[in-house]
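Written below as structure tokens is the structure these notes are about.
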Amino acid sequence: MTETGRTVLLTVLIGLLALPSGLCSAFFTVAGGAMLFEPDPLGRSISVVMLIGSGIGWIVCILVLLGARRLRRAGAAPPNAVPGPPDRQA
């Protein structure tokens, strides 16, 4: 497998890791927002917990997608490269 193919495959797999978190966060954001205006105090309390949980889920989703973006932008270094200035490479 080429380096480009491996990078694309890893990017897609990491993106798929963000999908469940994003879908759950979207559902709980809408449901929590709708329950926020209920006259029942218990419903309002549950909606606050749902909105906090969806906020945490959105943060996880964003971090996963940023990780995939960073992976995609990372250049492939040759396996025998020595870190440092070019004159120190063997």
Side-chain angles (χ1 to χ4, degrees):
M1 177 179 279
T2 64
E3 187 66 33
T4 305
R6 187 178 74 81
T7 304
V8 168
L9 181 65
L10 286 174
T11 302
V12 169
L13 289 175
I14 290 174
L16 287 175
L17 284 175
L19 184 65
S21 174
L23 289 176
C24 288
S25 297
F27 172 76
F28 282 111
T29 300
V30 172
M35 288 177 61
L36 192 60
F37 300 105
E38 284 193 9
D40 182 28
L42 181 63
R44 285 193 305 258
S45 300
I46 292 173
S47 73
V48 170
V49 172
M50 289 173 73
L51 289 173
I52 291 171
S54 71
I56 293 169
W58 284 120
I59 291 170
V60 168
C61 184
I62 289 170
L63 289 176
V64 169
L65 291 176
L66 287 175
R69 182 177 174 209
R70 184 175 180 176
L71 175 72
R72 189 178 64 216
R73 286 184 157 195
N80 57 359
V82 177
D87 59 340
R88 295 188 67 208
Q89 290 184 355

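Nothing here was measured: the structure is a model prediction, and the numbers come from that model. If you read the sequence from its start, that first residue is 1, and numbering goes on from there.
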Shortest non-hydrogen contact from [X] to [Y]?
X	Y	result
M35	G43	CE-O, 3.6 Å
L51	T29	CD2-O, 3.7 Å
F28	S54	CB-CB, 3.9 Å
M50	G32	CE-N, 3.9 Å
A18	C61	O-SG, 3.6 Å
I14	V64	O-CG1, 3.2 Å

Path from V30 to V48 over hydrophobic side-chain contacts below 4.5 Å:
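In one cluster with V30: V48, no.
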
Do L17 and L10 sit in one hydrophobic cluster, given that two such residues count as connected whenever their side-chain heavy atoms are within less than 4.5 Å of each other, even indirectly?
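Hydrophobic grouping puts L17 with L10.
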
Nearest 0.5 Å, please: how far is SG in C24 from CD1 in I56?
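Here the rounded value is 13.5 Å.
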
Using modelled atom types only, decide if a donor and an acceptor are shared between the side chain of S47 and the backbone of G33 within a distance under 3.5 Å.
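No: the side chain of S47 does not pair with the backbone of G33.
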
